[in-house]
Amino acid sequence: MNVFDTLIIGAGPCGIRTAIVLKEAGLNVAIIEGSSPGGKINIAPRVDNYPGFKKIPGPDLAVEFFSWLNEAKVEMIADVVTSLTKENDIFVVECETAKYYAKTVMVASGTKERKLGLPKEEKLFGHGLTYCAMCDGHFFKGKDVLMIGGGNTALKEAIYMATLAHHVYLIHRRNEFRGSNYLVKELRELPNTTVLTPYIPIELIGEDCLEGVKIQNVETKEEQVLVVQGVFPLVGQIPNSQFIKIPGVTNEWGTIPVDNKTKQTSVEGLYAGGDILPRDIRQIYLSEVDGKAAARAIIEYLNK
Ligand code: NAP
């Protein structure tokens, strides 16, 4: 039975940084990733202020990360993890097509998009409703679209969509934005955008494809229909931690509390980092710092 020193779940910035440090230290390590290496960066229209790149399209940065992994000769396993358990001090990582074993595990599996929870959301997905401007934005060239959310993701994707769409509406449920002020300013100054607050979506209109969205002012309860061909719900993230079957690792929100210094979870030999941690600010560099800290702790733990 091949037992890895460390298996890393997720090839985003945290998983990649962990893998590179452990590989350089000579450990027997692999990354399991069910999608493209780079994680959420792959769907980011633009990453700002990443050291070395003032502004870079997300997929281009993901390619840089991937080539970094290749150069370091880190083993990549393309599979989806379905269960993580611990038996007799060895972690068992079950995937859709195989089972793997490791002395330590790093969970860097990130998050997935939060849904609006409106009727027809599932039905209209792919028919005017999408969660990713970078992936699907080109379908809406010259059309009118609505972005929903007040975080950095919604703001950046709205700015990106303004380069493609005829008109971009953005609604947010509060008058204050969670995202950066400079992005709000940049968006407001574009000629083909309208920012509406405090508004929530209350109905998706259309049967076979999206024809509009009914929105409601949170304060006045006034309702109006925005005639749009595309809607992008960008209202936050849900942690990808359902596969963890070891009790006490995740909290009530599905995020993973860790020791601040070592990134070890409540279970010895099990570490976590990146967007899966309970924190308000999610940034590439923070994920990398988690990866570096965990890797250092893993090396110490395995040397004991
Ligand atoms: P976020 O910051 O959590 O923002 C989610 C937004 O959706 C919030 O404005 C929230 O409103 C709103 N919302 C939540 N549930 C809603 C609902 N049911 N209906 C309507 N609106 C709802 O998420 P994010 O924008 O995806 O960003 C995640 C993290 O990544 C953040 O820390 C962000 O700074 C970071 N990020 C960084 C960059 C970068 O380039 N540096 C780019 C993108 C994202 P409330 O504000 O009222 O809660």
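Both counts, for ligands and for their atoms, begin at 1 and track the order of listing.
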> Which of the numbered atoms in ligand 1 are below 4.0 angstrom from a heavy atom of G151?
Replying inline: 2 (O), 4 (O), 6 (C), 9 (O), 25 (O)
> Which atoms of ligand 1 have any heavy atom of Q237 under 4.0 Å away?
Replying inline: 26 (O)
>> Assess the residue pair T262 and D259 against the criterion (side chain to side chain donor-acceptor pair (under 3.5 Å)); give the C-alpha distance rounded to whole Å, side-chain angles, the decisive distance to 0.1 Å, and a yes or no.
In response: CA-CA 6 Å; T262 62; D259 173 80; 3.0 Å; yes
Could you check [atom] against the protein and tell me its nearest heavy-atom contact, residue, atom and distance included?
atom: atom 23 (O) of ligand 1; result: G236 CA, 3.7 Å
atom: atom 37 (C) of ligand 1; result: Q283 NE2, 3.4 Å
atom: atom 39 (C) of ligand 1; result: K156 NZ, 3.2 Å
atom: atom 27 (O) of ligand 1; result: T153 OG1, 3.5 Å
atom: atom 35 (C) of ligand 1; result: R282 O, 3.0 Å
atom: atom 2 (O) of ligand 1; result: R178 CD, 3.3 Å

>> If we check salt bridge (Lys or Arg N to Asp or Glu O under 4.0 Å) with D290, which of these qualifies: R17, R279, K261?
In response: R279
> Does N28 offer a backbone N or O that forms a donor-acceptor pair with the side chain of D5 under 3.5 Å?
Replying inline: yes
>> Determine whether a donor-acceptor pair (N or O, by modelled atom type, separation under 3.5 Å) exists between the side chain of N217 and the backbone of E222.
In response: no
>> Under 3.5 Å, is there a donor on one side chain and an acceptor on the other for H167 and T194?
In response: yes
> Does any donor atom in the side chain of N42 or S36 lie under 3.5 Å from an acceptor atom in the other side chain?
Replying inline: no
If you measure from [atom] to every heavy atom of [options], which option wins on shortest distance?
atom: atom 22 (C) of ligand 1; options: N175, I284, V235, L155; answer: V235
atom: atom 18 (N) of ligand 1; options: R279, R173, R174; answer: R173
atom: atom 42 (C) of ligand 1; options: N152, V47, I148; answer: N152

>> Students often mix this up, so state it plainly: with edges at 30° and 60°, are the rings of W68 and F65 parallel, tilted or perpendicular?
In response: tilted
>> If I apply the N/O under 3.5 Å rule, does G150 come out as touching ligand 1?
In response: yes
> Are any of the side-chain heavy atoms of V105 and L84 separated by less than 4.5 Å?
Replying inline: yes
